Amino acid sequence: MISLPVPNEYLGFAAAAGVASWLYLNRRTVRGDYAFLFYSAAYLALYAILRAFPLASATPSIEAASIALTYFTTLASVTVGYRLSPWHPLASYPGPVLWRISSVYLTYISFMGRRHLILDKLHAKYGPFLRIGPNTLSLNTPAATSVYLTMEKGEAYRFPAHDDVMGIFFKPKSKEVHRERKKLWGGMFTPNGLVQLTPALEKRTWELLRCIERRQKANGGYVNLPEAFSHWAHDFMELMKNGDAEELIYTGKLGTAMLDSLGQSPWVLDILWQIPTTKDMHQLVRLASQMTRTRVQAKELPAFRDLISYLMEGGVSLPEMERDAVIGIVGGFDNPSIAMALCCYFLVSEPHHYVKLRAELDAAFPEPLGHLAYNTLATLPLLNSTIHEVFRLGSPFFLPRVAGPGGAKIDGRYIPEGTIVALAAYSQQISPDNFYPEPMNFRPERWQPQGLGPDTKTNKAVLASFSFGPHSCPGKALAWQKLRYCLSRVVLAFDMEFQPGFDVQAFRDGILNVRTTLLEKDMFMKVSRRAGVDLDKAFATLESEI
Ligand code: HEM
């Protein structure tokens with residue numbers, strides 16, 4: 001017979017406490033760091049009691065460990081049992097067994113960057129309603145876009161710090177507070193606000209052309225375009241001139257990736273936030289704070305109204321501006337630079353698209369280095385279809401929301417209150433039901449009225465690149481403006497080809513998404529001035545205007 005280090009009745013009590021804890025914790029949200037502290041303190045208290053009043057059968061540390069083990073084993077068993085049981089509210093939704101047990105699996109898959117591909121395969125196997133966590137569903141149906149109109153952000157968007165600072169994008173205190181803040185941001189994206197931003201965009205884009213040539217020369221005739229675009233987009237940090245020795249962009253991306261993946265298991269993020277593992281996230285937050293303070297204290301104001309101008313006018317406090325700046329940096333600059341890189345990738349992968357786009361631009365702007373009118377850019381069919389198609393293939397976002405009181409119905413299926421749901425955006429954006437023919441291929445013409453022939457399907461309503469509803473991207477108009485302008489400038493000025501040996505498919509396979517897009521492979525290109533284009537003259541004019 002095995003002799004237990006602790007009498008049966010104590011272990012029975014520990015097991016009962018495990019069941020009671022499950023009853024309390026089930027469907028309640030508890031911060032991971034608080035839970036960690038609570039359990040650590042409880043364990044120490046138990047140990048102290050056992051030292052003071054020994055049970056006499058083993059050492060106090062073994063006795064305490066046995067009681068704690070019994071407690072946690074019971075809690076874990078009941079939790080897992082319930083999650084796998086037919087009584088769980090999501091029991092009728094299919095999905096892989098491991099994923100039902102713990103959200104840690106989804107966290108891991110998210111962090112690896114191929115979540116969208118894995119979910120697509122799982123949807124093909126299990127159908128459009130897929131259980132991917134104890135309490136999470138992925139929905140692969142056009143009707144799921146409605147989730148973003150009616151449901152709110154949940155714990156995945158909670159900022160892990162212990163403060164009451166409201167920041168746009170993060171889980172808001174209330175819908176009203178979020179609406180107010182979004183109104184302030186909106187000022188920057190009105191037609192008048194956008195006009196103010198154009199001189200900086202144009203100047204920076206000319207500098208980009210120069211930067212591409214300079215780097216190409218310094219690098220043996222090839223330039224890593226995604227990096228140049230990234231420095232262009234973030235150039236308020238002077239990266240085109242000085243490079244990014246401090247790896248600010250990497251830090252921003254890693255911070256975003258951590259928020260995205262750990263956000264699927266917020267209790268883990270709560271704990272990791274307190275230890276150095278998340279130093280990249282902290283660094284991003286520090287950088288945003290530093291930049292905001294410098295801007296707020298600056299004696300010389302910028303020549304145009306920037307985000308901080310609108311927030312200050314709206315009476316937003318300094319800590320809240322600092323938090324908004326995190327999103328301004330990551331959302332505002334990271335996404336457009338990736339979109340630019342992907343535009344060039346797809347256009348050069350099948351160069352006839354590049355030729356056709358240039359022909360369209362030439363017809364609209366006979367002087368290739370002359371002024372590019374934004375109104376005209378907005379009407380060019382191929383330019384706009386190219387960007388749409390890049391968004392379709394290059395923005396596989398996973399944006400969770402939480403079903404509110406009373407739950408929701410999607411395609412006739414009931415989603416219980418409190419369930420976390422997300423549209424399977426990538427699957428929808430490559431589904432032949434929505435985009436046909438050749439859903440996996442870059443075919444900009446599908447966005448035009450004649451499409452790709454009589455059988456064309458282009459379901460614009462499922463393109464989720466900027467999301468939908470109250471939390472959709474407020475910067476959409478600015479993003480489009482940047483992309484139209486920069487892409488046109490680049491195509492009008494340069495011929496491009498990949499470095500020999502560039503593996504087109506491997507590059508595409510290495511497009512990862514963790515809310516931010518990461519490129520596993522570099523994309524070195526040879527960029528040459530187009531015949532007859534006098535860039536030196538344009539650069540000289542630029543110098544004289546500075
Ligand atoms: C290609 C460019 C861009 C893409 C694809 C993009 C995409 C998105 C998406 C999908 C969301 C929703 C995120 C979620 O629900 O988790 C979002 C939110 C947001 N974006 Fe963008 N974005 C772009 C550019 C910009 C720009 C230029 C700005 C501003 C300078 C910006 C600012 C924001 C903000 C503040 C939010 C949070 C909105 C809220 O919480 O209500 N984005 N963006």
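Only this structure's heavy atoms are used, side chains among them; waters, hydrogens and symmetry mates stay out. These numbers were taken from a predicted model, which means no experiment stands behind them. Indexing begins at 1, ligand by ligand and atom by atom, following the structure's order.
- Residue contacts with ligand 1 leave out Tyr148, since none of its heavy atoms falls under 4.0 Å from the ligand.
- A distance below 6.0 Å separates the ring centres of Phe435 and Trp447.
- Remark: the backbone N or O of Phe159 is not paired with any side-chain donor or acceptor of Arg323 at under 3.5 angstrom.
- By the 3.5 Å distance cut-off applied to N or O atoms, Trp185 is not counted among the residues near ligand 1.
- Contact analysis puts Ser465 in contact with ligand 1, with a non-hydrogen atom separation below 4.0 angstrom.
- For Arg181, the heavy-atom gap to ligand 1 stays at 4.0 angstrom or more.
- Residue-level proximity to ligand 1 for Phe189 is carried by the side chain, the only part with a heavy atom below 4.0 angstrom.
- Some N or O of Tyr157 is nearer than 3.5 Å to an N or O of ligand 1, by distance alone.
- The closest approach between any non-hydrogen atom of Phe170 and ligand 1 is not below 4.0 Å.
- Residue contacts with ligand 1 for Cys473 involve both N, CA, C or O and side-chain atoms from C-beta outward (heavy atoms, distance under 4.0 Å).
- Residue contacts with ligand 1, taken as heavy atom pairs separated by less than 4.0 Å, involve Arg401 solely via side-chain atoms from C-beta onward.
- Here is the list of ligand 1 atoms found below 4.0 Å of a heavy atom in Lys182: 38 (C), 39 (C), 41 (O).
- Contact annotation for Lys482 and ligand 1: no heavy atom of the residue comes within less than 4.0 Å of the ligand.
- Contact analysis puts Pro470 in contact with ligand 1, with a non-hydrogen atom separation below 4.0 angstrom.
- Within the 4.0 Å heavy-atom cutoff, Pro474 counts among the residues contacting ligand 1.
- Aromatic pair Phe507/Tyr345: centroids less than 6.0 angstrom apart.
- Residue contacts with ligand 1, taken as heavy atom pairs separated by less than 4.0 Å, involve His178 solely via side-chain atoms from C-beta onward.
- Only the side chain of Ile327 comes within 4.0 Å of ligand 1, judged by heavy-atom distances.
- Residues Phe466 and Phe391 bring their aromatic ring centres within 6.0 Å.
- Heavy atoms of Phe333 come nearer than 4.0 angstrom to ligand 1 in no pair at all.
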